[in-house]
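Below is one structure, written out as structure tokens; the observations come after it.
Below, all heavy atoms of this structure are taken into account, side chains as well, without hydrogens, waters or symmetry copies. Order of the sequence lines fixes the chain letters, A, B, ..., with proteins taken first and strands second; residue numbering starts at 1 for each chain. What you are looking at is a predicted structure, and each value in this text was computed from that prediction instead of being measured.
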Protein chains: 2
Amino acid sequence: MSKIRIKDIALEAGVSVGTVDRVLHNRGRVAKDVEEKVKEAIRLLNYQPNLAARSLARNRNHKIAVVLPPHKEDEFWRAQRKGVLRALRNTKDVGLSGDIFTFDDRKQGDLLKLSGQLFSGDYEALVIAPTTTEDAVLILDQCDKHSLPYVQINSNIEREKSQSLGYVGQDSFQSGRLAAKLLDLSTQNKSTVAVLHMESDVKNSSHMIAKEMGFLDYFDQNKGYQVITRRIVEIEDEKKLSDQIEYLLASDDSMKGFFVTTSRAHYIVEVLIKLGRSDIVLVGFDLIQKNIDALKSYKNIFLINQNPALQGFYGVMRLFDYILQNKRVDDKKYLPLDVITLENVSNYSHIQDRDNNDEVYL
Amino acid sequence: MSKIRIKDIALEAGVSVGTVDRVLHNRGRVAKDVEEKVKEAIRLLNYQPNLAARSLARNRNHKIAVVLPPHKEDEFWRAQRKGVLRALRNTKDVGLSGDIFTFDDRKQGDLLKLSGQLFSGDYEALVIAPTTTEDAVLILDQCDKHSLPYVQINSNIEREKSQSLGYVGQDSFQSGRLAAKLLDLSTQNKSTVAVLHMESDVKNSSHMIAKEMGFLDYFDQNKGYQVITRRIVEIEDEKKLSDQIEYLLASDDSMKGFFVTTSRAHYIVEVLIKLGRSDIVLVGFDLIQKNIDALKSYKNIFLINQNPALQGFYGVMRLFDYILQNKRVDDKKYLPLDVITLENVSNYSHIQDRDNNDEVYL
DNA sequence: TGAGATATTGTGTGCGTACACGCAAAAATT
DNA sequence: AATTTTTGCGTGTACGCACACAATATCTCA
């Protein structure tokens, strides 16, 4: 097979390696007939550059900045950060390095404090999880002004092209439709299902709304269900939570399923078990430990995994492609919506922390 | 940050790069105190070898052989082959190359014809999909005799350690349990479900049996269902197939779901639509085009995706880890069992052919 | 025709690592 | 004490490519 070097092309075309180099990178300064000859040789020998040598010779280091919400107490963001770190490890030797910045997405304006560092000139591109929309818009505007390309992950703020390199993350609307399908198939027709927004913070509100929209959309196309929406508050208070659920169940005899739009389905599981209502079908989000545990104690539940680690990973890799491979994309990349039950959870949670499984990308 | 070279360590430890090299690869021939000093410097500076330079300098080429069933008319094997090719592309510049051999798994003994080439000495390891057990055992025995390490993918023949580097593939038993859970949740208690073995070739028989076992195991632990097993034959004959299904449905009024243990669920979909029995819940396997189409025309169906492309990919990558990274594993790696419906299929089929999304691994 | 400008092509060095080789000092053997 | 052998360490080259620079060819216009 092939082990064709630039030298071999040069020999074949009867020129020097310098000329081949000029053709390869079209730096000009090559006579047209010679250029054709070289290109022909490249084609003939099916030259494939050795990426290891290339990245070694380039000897560049491109720095990027990654802006994420805090991960201390949030498994979702922790997983995302893991994906980012993995991508950074994998690209370290091939010219990409990065710093991760954390902002408190519960504090209005906290994101803006980073702008000094982000636009210091040290970074040539950005990965950002723009959870606080108003602040993020300002940051992205600055990116445009400074001509800093950026990839959005997890949440997407639609932008006029500009410096945007697109979005990598969840398709919340579709995940709502998926949840609806799961409830549809696992409950009986002519029953009632409820959308439960369980939030303690507002950061996910746009996702929650999109999920509800998708959910409603599905049942708009698949008649026979009554859908109601409730906001569940004071989740931490066991008694109050239980009361809310009990009230909800009492309000409609044909209540068959709940769609929890956040990662807090496990709270509902506890309540349902206590109420002896394990007939209710649940659909929730995210493979956090408490939800995984809930799979074991409750049968009628599906979890939808949105692959947070892959969001971080692909977010960085997209910048890598852009900076070092000259591949520009500015479209959306929706990650798979994994349907998780007790029967298939093991393989997915294994995936989440396969940090050891290190790869390095050229 | 890091950009620590061997040279830097040498400087720090007051020795030459040659000595550092000897320590790094423990080639011996280094005084104990000096070795300690170097190791200390490595620790201190947190040295991380530059893998691009490493693979360039090594300038090795390790050849492996990959043995797969034919892919001409089989989307499953085609996907698997794609995964293999992707892994080979990605490792090309870092010292791993491979040849793919095809054997006809419908012909007894065809695999054995390859042994001349496989053991020619050109290859230092093997990835094999041992679908024809008897033949495969002979091949694997020869591997042991020639000290050729091998990774099994897709099907696993249990071996006494030997040269085995483990298994990458599906967990058929668990996929049966998953199918059972899906049917359990989407049908009503006290109903009947049927396992349908639809085979035209025998190669998958062990998988089919394992799937049935898992299915039965689930309903052993979750009572209330009656499970029957049927072999469906003459699949291509529309009339005969329809008759078999009709007979099956007539035999039990409470029949609610079918578990198709092969990738041929789409045949059943056609029949059910014609029979006007779209109440039957189906669980089938594999994201082949006809099944994907079936998702659109039939609501009550789940497909389980066994990630054939990842099987090929990880199979090769495992050899890569072993040969070039010195990481030896000989355990099983079960790939995720993706639950697919019409609502989430788009993201998965996208994954299947992301050939463009090229990465290169060091 | 020839000097100077310009277009075209060739040469050399370095990227960080692996590895072969060689030299010196220490140890073992005679 | 002279020698061989072993041990410990440094030097140099190659890997394939990018890129700076040197060198040569071609053209321009007087």
Side-chain angles (χ1 to χ4, degrees), chain A residues 2-39 41-42 45-62 92-97 324-326 360 362, chain B residues 1-39 41-42 45-62 92-97 323-326 360 362:
Chain A
S2 56
K3 219 184 54 181
I4 304 298
R5 305 155 303 178
I6 286 185
K7 209 181 187 176
D8 299 315
I9 301 172
L11 207 66
E12 172 77 21
V15 295
S16 75
V17 293
T19 303
V20 177
D21 177 70
R22 261 165 249 131
V23 172
L24 279 173
H25 302 86
N26 33 276
R27 310 188 204 274
R29 321 207 146 251
V30 178
K32 280 214 194 62
D33 54 332
V34 177
E35 176 167 352
E36 232 3 274
K37 217 166 43 179
V38 172
K39 281 187 173 169
I42 291 175
L45 300 180
N46 184 30
Y47 170 71
Q48 303 288 124
N50 181 316
L51 299 182
R54 166 168 291 179
S55 79
L56 186 62
R58 274 191 178 140
N59 194 27
R60 294 191 196 148
N61 189 19
H62 302 270
K92 169 172 58 74
D93 290 333
V94 280
L96 192 75
S97 66
L324 283 112
Q325 312 275 49
N326 248 346
V360 173
L362 282 185
Chain B
M1 241 356 216
S2 54
K3 221 184 52 181
I4 304 297
R5 304 154 304 175
I6 287 186
K7 210 182 191 175
D8 299 315
I9 301 173
L11 209 66
E12 173 76 22
V15 296
S16 76
V17 294
T19 303
V20 177
D21 177 69
R22 261 164 251 131
V23 173
L24 279 174
H25 301 86
N26 31 274
R27 310 190 204 273
R29 319 204 147 254
V30 180
K32 270 199 211 78
D33 54 333
V34 177
E35 176 167 352
E36 232 3 273
K37 219 166 43 180
V38 171
K39 281 186 172 168
I42 290 174
L45 300 179
N46 184 29
Y47 170 72
Q48 304 286 122
N50 182 317
L51 300 182
R54 167 168 293 180
S55 78
L56 185 62
R58 273 191 179 142
N59 193 29
R60 294 192 196 147
N61 189 20
H62 302 270
K92 168 174 58 74
D93 289 334
V94 281
L96 191 75
S97 67
I323 295 177
L324 283 112
Q325 313 274 48
N326 248 343
V360 173
L362 284 187

> How long is the line joining NZ of B:Lys7 and P of D:dT11, in whole Å?
Replying inline: 12 Å
> Taking all atoms of both residues into account, what is the closest heavy-atom pair of A:Ile4 and A:Leu45, and its distance?
Replying inline: CG1-O, 3.4 Å
>> Using whole Å, what does the distance between atom C1' of nucleotide D:dG16 and atom CZ of A:Arg5 come to?
In response: 8 Å
> B:Leu11 CG to D:dG10 C1': how many Å, rounded?
Replying inline: 14 Å
>> Rounded to the nearest 0.5 Å, what separates atom CG in B:Asp21 from atom CG in B:Asn26?
In response: 10.5 Å
> Which residues pass the salt bridge (Lys or Arg N to Asp or Glu O under 4.0 Å) test with A:Lys39, sequence neighbours left out?
Replying inline: A:Glu35
> Within the structure shown, what part of the strands sits under 4.0 Å from A:Ile6 by heavy-atom distance: base, sugar-phosphate, or nothing?
Replying inline: sugar-phosphate
> Closest approach of B:Arg54 and B:Pro49, non-hydrogen atoms and distance?
Replying inline: NH2-CB, 3.4 Å
> Could you state the CZ-C1' distance from A:Arg54 to D:dC17, rounded to the nearest angstrom?
Replying inline: 8 Å
> For the pair made of CD1 in A:Ile4 and C1' in D:dC15, what is the distance, rounded to whole Å?
Replying inline: 16 Å
> Between B:Val17 and B:Arg5, does a side-chain contact (heavy atoms from CB on, under 4.5 Å) hold up when you go through it step by step?
Replying inline: CA-CA 10 Å; B:Val17 294; B:Arg5 304 154 304 175; over 6 Å; no
> What do you reckon, is CZ of A:Arg29 surrounded by more than 12 foreign heavy atoms closer than 6.0 Å?
Replying inline: no
> Looking at side-chain heavy atoms only, is the closest gap between B:Leu24 and B:Tyr47 below 4.5 Å?
Replying inline: yes
> Looking at A:Thr19 and A:Val30, what are the two nearest heavy atoms and their distance?
Replying inline: CG2-CG1, 4.1 Å
>> For chain A and DNA chain C, what are the first and last nucleotides along the strand, 5' to 3', with at least one atom under 4.0 angstrom from a heavy atom of the protein chain?
In response: C:dT8 to C:dG16
> Rounded to the Å, how far apart are A:Asp8 CG and D:dG16 P?
Replying inline: 8 Å
> Do the side chain of A:Asp93 and the main chain of B:Ala52 share a donor and acceptor less than 3.5 angstrom apart?
Replying inline: no
> Which ones in residues 13-33 of chain B lie close to DNA chain C, meaning a heavy atom under 4.0 Å from one of its atoms?
Replying inline: B:Asp21, B:His25, B:Arg27
>> Tell me the interatomic distance from A:Leu324, atom CG, to D:dA18, atom C1', rounded to whole angstroms.
In response: 14 Å
> When the distance from CG of B:Asp93 to P of D:dG16 is rounded to whole Å, what number comes out?
Replying inline: 11 Å
